[in-house]
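Inspection log for the structure reproduced underneath, given as structure tokens.
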Amino acid sequence: MTMLPAPSILPIDSLLPEEPLLMMGAGPVPIPDKVARANSIVINHLGETMARVIDQVKTMSRYVFQTQSQWILGVAGPGSAAMEMAVCNLVWPGTKVLSVINGFFSKRLAEMSQRVGGEVIRYEVAERGAADPQEVKRLIELHRPQVITIVQGETSNTVLNRYLPEICRIARSYDCYVIVDAVCTLSTMPLAMDEWYIDSVITGGQKGLSSIPGVSLIAFSERAWARMNARTSPIHHWCLDAKLAEQFWHNASYHYTAPVSGILALHEALRLVCVETLDTRFARHLRCSLALQAGIEAMGLSLFVPIESRLNSVIGINLPNGISQADFCRHLSKRYRVEISGSFGLPIVRIGQMGEQSRAHNLFRTLHAFGSTMKDFDVNVDLPAGMAGLEAALQKSNGDTEGQYGK
Ligand SMILES: *Cc1c(COP(=O)(O)O)cnc(C)c1O
């Protein structure tokens, strides 16, 4: 046998920047130290310790999803794998699916539904707008879908489906199963699975929860679980079969080797949410996002989405003068060591406000880097006014946004 020669490879330290970049894009987001440390540990994927970890992860997830349902499962995979898990367990050949499409990720849910044989009806919402409950109702009456897919927040274009509770209520009154993608929004703003009649909620690790990418969470309602129990057609995805995943997540036995370290990291991320409490966490996100938006506007720039349908978890900013997103973001990263995101086909850049991104010190550094980059690109911005606008908004809201979201 002739062996191929071993390649000569640089150690990872020589690839990574000396000073870590501040991750202020649309995900992944910075992780707290406790999450990072948990992520460095490997334990047996089965056995008593893991069983206790899983038990706590499920208890904390019920709080974060605001559900009493016992059907919480983790997924070794990105948010998209959790999306696919929701879809492939609840949709099969011939299932009618109404997909509410506001952008890139909601379109992905429609495509996944189609791939597993669903008959997909697409409700394409007007650009920059939230889905209209009356239009959803009209489409339900017209097409009688069994399943509806929708995103809470469209990370891709920074639109919030603010009428989500009403849409879910309407869907339930027609006995539809609702799948909600809360990948970027979970734990950054209110979502109440039971109270809103949601049948499956999906989230990833690397956004609102400030955990690592690659380990995700999904919850099913009791009635969604009953639908899966009654299903007769086979599920083509072995890894994503919820009934098989139940082996690990509910019976402490083997399905596939769980991503142990990632689950430990997720445990710590969820625990930090519980310690902070959801109310306080929502208020922090709202205060920080609105202050950053105020700072950007005070600098003389404009936001992409009108306030009625604007997402706070990710901020979309119009990029003036035909500047290239890629050039802008690269310069910001190289020169100021702050990473933000471009977008898929829109003339905007995006700054995240998820988890650890929503901290005052990160806002100041980011806004300064962002405004300075604008100046470097010859955009006439008033940087001092922007910084003052951020400061004033944080001062003003200190305390008085606590109750804005209520209970
Ligand atoms: C990021 C994101 C996804 C996809 O998550 P991945 O981990 O990249 O697969 C899905 N939906 C929304 C709303 C997102 O923000």
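Nothing here was measured: the structure is a model prediction, and the numbers come from that model. We count ligands from 1, going down the list as the structure has it; atoms in each ligand are counted the same way.
- Ligand-side atoms of ligand 1 in range of Gly153: 13 (C), range being under 4.0 angstrom from any heavy atom.
- Those atoms of ligand 1 that come under 4.0 Å of a heavy atom in Cys184, given as number and element, are 15 (O).
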Problem - CA sep, side-chain torsions, deciding dist, call: Asp175, Arg223, salt bridge (charged side-chain N to carboxylate O under 4.0 Å, His left out) - result: CA-CA 10 Å; Asp175 211 26; Arg223 68 194 283 276; 2.7 Å; yes
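- The NZ atom of Lys58 sits 12.5 Å away from the NE2 atom of His267 when rounded to the nearest 0.5 Å.
- Between His250 and Trp71, the gap from one ring centroid to the other is short of 6.0 Å.
- Each of the atoms 10 (C) of ligand 1 lies under 4.0 Å from some heavy atom of Met83.
- Checked against the 6.0 Å centroid threshold, Phe248 and Tyr254 do not count as a close aromatic pair.
- At the shortest separation from atom 15 (O) of ligand 1 among protein heavy atoms lies Thr155 OG1, 2.3 Å.
- Near Pro78, meaning under 4.0 Å from any of its heavy atoms, are these atoms of ligand 1: 6 (P), 7 (O), 9 (O).
- Side-chain contact, Asp194 with Thr67: a donor N or O sits under 3.5 Å from an acceptor N or O.
- Under a 3.5 Å cut-off, the side chain of Arg365 and the backbone N or O of Arg337 do form a donor-acceptor pair.
- Interface of Ser80 with ligand 1, defined as ligand atoms under 4.0 Å from a residue heavy atom, comprises 4 (C), 5 (O), 6 (P), 9 (O).
- A donor-acceptor pair is defined here as one N or O able to donate and one able to accept, closer than 3.5 Å; such a pair exists between the side chain of Gln325 and the backbone of Leu346.
- Proximity of Asp181 to ligand 1, defined as any heavy-atom pair under 4.0 Å, is confined to the side chain (atoms from C-beta onward).
- The pair Asp327-Arg330 meets the salt-bridge criterion, since a charged nitrogen lies less than 4.0 angstrom from a carboxylate oxygen.
- Residue Ser106 places every heavy atom at 4.0 Å or more from ligand 1.
- Of the options Gln152, Gln206, Glu84, the smallest heavy-atom separation from atom 7 (O) of ligand 1 is shown by Gln206.
- Close approach of ligand 1 to Lys207 (heavy-atom distance below 4.0 Å) involves ligand atoms 1 (C), 2 (C), 3 (C), 14 (C), 15 (O).
- The residue among Pro213, Ala26, Gly79, Gly27 with a heavy atom at the shortest distance from atom 6 (P) of ligand 1 is Gly79.
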